[in-house]
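Remember, predicted model here, so these are calculated numbers, not experimental data.
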Amino acid sequence: MENSRQITVNESRINITFKNQQDELITEPSEKVALNNNHFEPVADILQGMNEMIGLEKVKDLIYEIYALIQVNKFRNEEGLKSGNQVYHMIFKGNPGTGKTTVARIISRLLNRMGILSKGHMIEVERADLVGEYIGHTAQKTRDLVKKAMGGVLFIDEAYSLARGGEKDFGKEAIDCLVKVMEDKSDDLIIILAGYPIEMEMFLRTNTGLPSRFPIQLDFQDYTVDELMLIAVKMAIEKDYNITGDAMIKLRDIVQSEVETRANFSNARYVRNVIEKAIRHQAVRLMNRPSKINKQNLMDIIPRDITSD
């Protein structure tokens with residue numbers, strides 16, 4: 001069933017409405033939440049920024065659910081009603097360039113503003129950062145990273161690589177250490193494991209305690225060609241560039257071909273690389289231009305600037 005969301009921001013609060021055919025939930029939180037450093041930042045800015053991201057509708061829905069649950073639990077506490085403790089450890093499954101890291105950063109900031117995380121920073125690591133070279137080294141490295149991540153999010157990319165070496169590999173020691181950490185320090189730390197969908201499914205089977213400790217699992221779908229074109233336009237506009245009509249046609253053909261033929265297509269990351277290359281090509285073209293360069297020349301990306309990454 002399709003859900004719809006509406007955000008209204010005014011000077012004092014955000015109204016967020018979840019609607020479907022059967023029920024309606026309206027939350028009206030105060031717009032600003034105090035930070036530990038005594039500064040204030042609108043929760044609305046975080047939510048609006050997320051809402052402006054291209055695609056990821058199911059991901060956005062889940063983040064709104066988390067937001068609404070936290071706020072409603074605050075309301076329940078104020079009325080003397082019970083509100084159970086929630087576990088926010090997450091699994092992100094998706095191909096490269098589908099927004100996993102960006103969404104993790106948004107979640108860390110949002111949960112900080114909502115009072116779940118005391119700092120709201122994110123520590124991004126991979127296998128080499130966790131796995132040591134001898135017995136005991138891995139546990140120490142993992143504990144050190146957990147210490148740095150306390151108050152925020154520990155984001156482990158390509159987490160499935162921790163289980164690739166089999167029973168004698170030190171990656172298993174990292175997994176065991178993380179499982180223990182999740183039991184002991186779950187009040188001010190969120191662990192997010194990310195990676196390719198199939199590999200992550202296999203990884204979760206390597207330790208019987210893992211699936212139950214990650215109650216939130218998000219599937220990041222590949223972007224459609226239309227969404228990738230919107231992402232390209234947005235990237236260009238943010239840099240004060242304009243992709244001309246003919247260049248858009250060429251770019252779409254290139255993206256369509258990559259989507260259809262490349263096995264490990266990198267989605268938005270691929271589009272970013274194409275746009276950045278086009279900007280370099282435009283710079284070379286303008287430097288070789290015999291006539292005076294005007295503002296429009298500096299902005300326009302034309303077909304000859306666009307090439308496959």
Side-chain angles (χ1 to χ4, degrees), residues 53 55-63 87-108 122-133 137-139 141-142 145-146 149 153-183 189-224 227-228 231 255 258-273 309:
M53 293 177 67
L56 302 177
E57 296 307 316
K58 291 183 179 180
V59 174
K60 293 175 186 177
D61 285 342
L62 185 90
I63 294 176
V87 177
Y88 296 103
H89 301 306
M90 306 179 191
I91 297 285
F92 286 3
K93 292 179 284 187
N95 290 322
T98 49
K100 299 186 294 296
T101 304
T102 300
V103 169
R105 291 195 184 105
I106 291 173
I107 288 172
S108 65
M122 187 174 91
I123 301 295
E124 185 177 350
V125 301
E126 54 188 20
R127 176 188 165 91
D129 301 305
L130 294 165
V131 178
E133 300 175 357
H137 189 207
T138 295
K141 290 181 73 173
T142 303
L145 286 170
V146 166
V153 169
L154 180 62
F155 182 84
I156 305 175
D157 199 13
E158 298 184 359
Y160 50 80
S161 63
L162 293 174
R164 278 184 170 169
E167 288 295 322
K168 296 182 179 180
D169 183 71
F170 291 134
K172 184 178 183 299
E173 186 179 354
I175 297 172
D176 294 339
C177 187
L178 287 170
V179 169
K180 187 175 188 306
V181 164
M182 293 169 69
E183 292 292 333
L189 173 70
I190 292 175
I191 296 176
I192 299 178
L193 306 184
Y196 294 106
I198 295 176
E199 285 84 346
M200 289 303 295
E201 289 290 346
M202 295 174 63
F203 169 69
L204 290 173
R205 300 190 193 108
T206 63
N207 186 306
T208 55
L210 281 176
S212 62
R213 287 174 170 83
F214 291 91
I216 301 173
Q217 298 194 22
L218 278 174
D219 291 314
F220 287 72
Q221 301 296 320
D222 288 341
Y223 290 107
T224 66
E227 288 171 341
L228 290 169
I231 290 171
V255 171
E258 290 293 323
V259 169
E260 293 175 353
T261 61
R262 184 173 293 192
N264 295 318
F265 181 62
S266 56
N267 286 275
R269 193 178 303 164
Y270 176 84
V271 171
R272 182 191 65 203
N273 291 342
D309 180 49

Counterpart residues, side chain to side chain contact (heavy atoms under 4.5 Å, CB included), relative to T138 (two or more places apart): V131, T142, F170, E173, A174
Interatomic distance, CG@L210 vs OG@S212, rounded to 0.5 Å, equals 8.0 Å
Got a sec, which residues hit salt bridge (charged side-chain N to carboxylate O under 4.0 Å, His left out) with E258, two or more places apart in sequence or on another chain? R262
Distance-minimising heavy-atom pair for P96 and Y196: CD-CE2, 3.3 Å
Which pair of heavy atoms, one from D129 and one from L145, lies closest together, and at what distance? O-CD1, 3.2 Å
Are any of the side-chain heavy atoms of M53 and V59 separated by less than 4.5 Å? no
Kindly give the heavy-atom pair with the smallest separation between G97 and Y223, and that separation in Å. O-CE1, 3.3 Å
Atom pair CD1/NZ of I63 and K60 - distance to nearest 0.5 Å: 9.5 Å
Please name the pair of heavy atoms, one in I231 and one in A268, separated by the smallest distance, quoted to 0.1 Å. CD1-CB, 4.1 Å
Can you list the residues that meet the ring-ring contact (aromatic ring centres under 6.0 Å, His included) rule with F92, with sequence neighbours excluded? F220
Evaluate side-chain contact (heavy atoms from CB on, under 4.5 Å) for L178 paired with L154, printing each intermediate quantity in order. CA-CA 10 Å; L178 287 170; L154 180 62; 4.1 Å; yes
Distance in Å, I190 CD1 paired with I107 CD1, rounded so as to fall on 0.5 Å steps: 7.5 Å
Applying salt bridge (charged side-chain N to carboxylate O under 4.0 Å, His left out), can you list everything that pairs with E199, at least two apart in sequence or on another chain? none
According to side chain to side chain donor-acceptor pair (under 3.5 Å), who are the partners of E260, at least two apart in sequence or on a separate chain? Q256
Short side-chain to backbone donor-acceptor contact, N267 and T98, under 3.5 Å: no
Got a sec, which residues hit ring-ring contact (aromatic ring centres under 6.0 Å, His included) with Y270, two or more places apart in sequence or on another chain? F265
Do K180 and D176 sit within salt-bridge range, that is, some charged N less than 4.0 Å from a carboxylate O? no
Can you confirm whether Q217 sits close enough to L204 that some side-chain heavy atom of one is under 4.5 Å from a side-chain heavy atom of the other? yes
For A159, the side chain to side chain contact (heavy atoms under 4.5 Å, CB included) test, sequence neighbours excluded, returns I156, L193, M200, F203
Could you pull out the closest heavy-atom pair between P215 and V87, with the gap in Å? CG-O, 3.4 Å
E126: partners by salt bridge (charged side-chain N to carboxylate O under 4.0 Å, His left out), with sequence neighbours left out: none
Taking the side chain as every heavy atom from C-beta outward, state whether N95 and P197 have any pair of such atoms under 4.5 Å apart. yes
For L130 and K141, work out which heavy atoms get closest and say how close. O-CB, 3.7 Å
Working to the nearest 0.5 angstrom, can you tell me the gap between E57 CD and E227 CD? 8.0 Å
Run the side chain to side chain contact (heavy atoms under 4.5 Å, CB included) test against T101 and tell me which residues pass, sequence neighbours left out. R105, M122, E124, F155
Got a sec, which residues hit side chain to side chain contact (heavy atoms under 4.5 Å, CB included) with Q221, two or more places apart in sequence or on another chain? D219
Considering residues at least two apart in sequence or located in another chain, which fulfil the side chain to side chain donor-acceptor pair (under 3.5 Å) criterion with D157? none
